[in-house]
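Numbers restart at 1 for each chain; the letters A, B, ... are given by sequence-line order, proteins then strands.
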Amino acid sequence: MAINGVFSRFKMLDKNEGVNNLSPFTDSHEVHVLAVDDSLVDRKVIERLLKITSCKVTAVESGRRALQILGFDEEKTSVGFDGFKVDLIITDYFMPGMTGYELLKKIKGSSNFREIPVVIMSSENVLARIDRCLEEGAEDFIVKPVKLSDVRRLKSYMFGENRIHTKDREFNKRKIDVSLSPSSDEVMSNQSSPSISPRSFSSSPTSHSTTFLDSHIRRLKTSNHD
Amino acid sequence: MEVDQLQRNFLEYTNLLFREGFLDGQFSQLQLLQDESNPDFVFEVVSLFFEDSERLLNDLTIALDQQNVDFKKIDAHVHQLKGSSSSIGAQRVKNTCIAFRDVCLEQNAEGCLRCLQQVKQEYLLVKTKLEALLRVRVPHLFSLEQQIVAAGGAIPMLNDFC
């Protein structure tokens, strides 16, 4: 596929505000997902889940391998590095060597790669962990075992026609947490409370629709995984 | 009649496994992912699960046989087994792993040995059942022939009807 990298098109959309009906993710362009999981069984399942939702998939077994395949170490020399482009990284949390969390930090800490959305998967429904990942910039957190509806939802809100633009999505995420918090204009983090620790930012109110993060968090609270 | 009967058997057996708790909803998810383009998906994933599990059970046996038991390692193996069994819907194996991890936390070697026995047992049970189930796969076009032949029938040729 000789496309110049999806993300450059995504950025173009940002600048051309008039072109708000144009989705770069039409049928002619497949969303490319990098899936990272040390479990062979899980890799096979996630790969199929993504393919059946019309994504192109590259599945690797470790964070190291993921960074390697992204060309992470070459970023310093990459002016016009037109290599391996991904639209989304979905990674397991618990992996030997580099955890999904560490991979997330690496990605978000890099100027070249931080725009790539990262989704974390974990078999353990630990709110403190979820929180930590979201704070570090994870787009979403899926509790394993991953279902078709999880992947469809993810694809739909991230790359569907009614997707929220990256910037707005971040605002929306924070806005939702504002509603949970009694106070505003305070950045609270690392609270070890059973509920999700509220984060609030003084942002101008943008029209926000309920993101799937909100419903997902609700699902985590009410359902009983494990 | 053959195909219908086989299909009915398959469904009945699957339902039985669900009722008895050997399989849970995640197995149904796997079935959703199987289609004409990937007709053997469930079989392939389950096969991977068998390979993976046998390796892990072997590693666990070795780990528990050591003089100084490395409980962290044991926990890591059990976590992996829990994960893969959960991913295919092998509910009883998964639940046994959850209990196993609790015992591991207590650093109780004897308890762990008992848990290992249990997991092995549950694994063998579900393996037998899944193998039986997948032998009676819903046939797609060319294996219909195989099924008919296996059932002692002949593949009707067009000439036969002239």
Side-chain angles (χ1 to χ4, degrees), chain A residues 30 33 35-57 59 61-63 90-101 120-126 129 141-155 219-220 223-226, chain B residues 23-56 59 70 72-73 75-91 93-102 105 123 126-127 130:
Chain A
E30 275 186 317
V33 184
V36 191
D37 200 317
D38 62 310
S39 159
L40 195 51
V41 172
D42 288 353
R43 267 204 309 284
K44 183 151 180 94
V45 175
I46 193 75
E47 186 172 26
R48 183 74 188 125
L49 281 168
L50 289 165
K51 281 189 171 155
I52 215 174
T53 46
S54 310
C55 296
K56 182 180 169 217
V57 190
E61 77 277 14
S62 71
I90 184 163
T91 176
D92 190 24
Y93 183 92
F94 233 149
M95 296 187 290
M98 186 186 291
T99 66
Y101 179 66
I120 310 276
M121 305 178 281
S122 174
S123 57
E124 283 158 346
N125 184 1
V126 178
R129 175 184 299 178
F141 190 102
I142 299 179
V143 179
K144 282 179 158 183
V146 185
K147 296 176 170 35
L148 193 53
S149 54
D150 293 327
V151 178
R152 280 192 175 138
R153 183 199 73 215
L154 190 71
K155 197 193 177 202
R219 178 182 151 229
L220 287 172
S223 68
N224 199 18
H225 293 269
D226 255 14
Chain B
L23 297 178
D24 66 26
Q26 190 60 20
F27 189 77
S28 308
Q29 286 286 315
L30 293 189
Q31 292 177 305
L32 286 179
L33 300 179
Q34 185 161 285
D35 61 20
E36 314 81 52
S37 67
N38 270 262
D40 295 319
F41 179 72
V42 179
F43 179 78
E44 286 167 5
V45 183
V46 170
S47 303
L48 278 176
F49 168 68
F50 290 162
E51 272 175 43
D52 209 38
S53 304
E54 273 156 44
R55 177 185 57 87
L56 287 166
D59 289 345
D70 184 349
K72 263 186 124 177
K73 201 183 223 177
D75 185 66
H77 289 322
V78 179
H79 173 88
Q80 277 194 291
L81 186 57
K82 187 194 101 180
S84 53
S85 55
S86 161
S87 293
I88 70 145
Q91 189 174 244
V93 175
K94 180 190 80 171
N95 289 340
T96 318
C97 288
I98 293 172
F100 198 155
R101 289 189 84 194
D102 289 337
L105 272 174
Y123 168 70
V126 81
K127 180 174 186 204
L130 284 170

Applying a strict 4.5 Å limit to non-hydrogen atoms, the region of Ile52(A) in contact with chain B is side chain

Bottom line for Arg101(B): the part with an atom under 4.5 Å from chain A's heavy atoms is side chain

When the 4.5 angstrom heavy-atom criterion is applied to Ser47(B) and chain A, the contacting part is neither

Next on the checklist: Under 4.0 Å between a side-chain nitrogen and a carboxylate oxygen: does that hold for Glu51(B) and Lys44(A)?
Outcome noted: no

Counting heavy-atom pairs under 4.5 angstrom with chain A, the leader among Val46(B), Asn38(B), Asp52(B), Leu30(B) is Asn38(B)

Scored by heavy-atom pairs under 4.5 Å with chain A, the best of Ser84(B), Ser86(B), Gly83(B), Gly89(B) is Ser86(B)

Between Leu148(A) and Leu33(B) the two heavy atoms that sit nearest each other are CD1-CD2, 3.9 Å

| said: Are more than 12 heavy atoms, taken from residues, nucleotides or ligands other than Lys127(B), located less than 6.0 Å from that residue's NZ atom? | reply: yes

Under 6.0 Å from the CZ atom of Arg152(A), do we count more than 12 heavy atoms belonging to anything else shown? no

- prompt: Would a distance-only check, ignoring hydrogens and angles, find a side-chain to backbone donor-acceptor pair under 3.5 Å from Gln26(B) to Val146(A)?
  reply: yes

Check your understanding: Under the side-chain contact (heavy atoms from CB on, under 4.5 Å) criterion, do Asp38(A) and Gln80(B) qualify, and how do the steps go?
Key -> CA-CA 9 Å; Asp38(A) 62 310; Gln80(B) 277 194 291; 3.5 Å; yes

- Flag the pair Lys82(B) / Lys144(A) as yes when at least one side-chain heavy-atom distance between them is below 4.5 Å, and no otherwise. no

*4.5 Å side-chain heavy-atom contact, Val45(A) and Gln29(B)*: no

So CZ of Arg48(A) and OG of Ser37(B): to nearest 0.5 Å the spacing works out to 4.5 Å

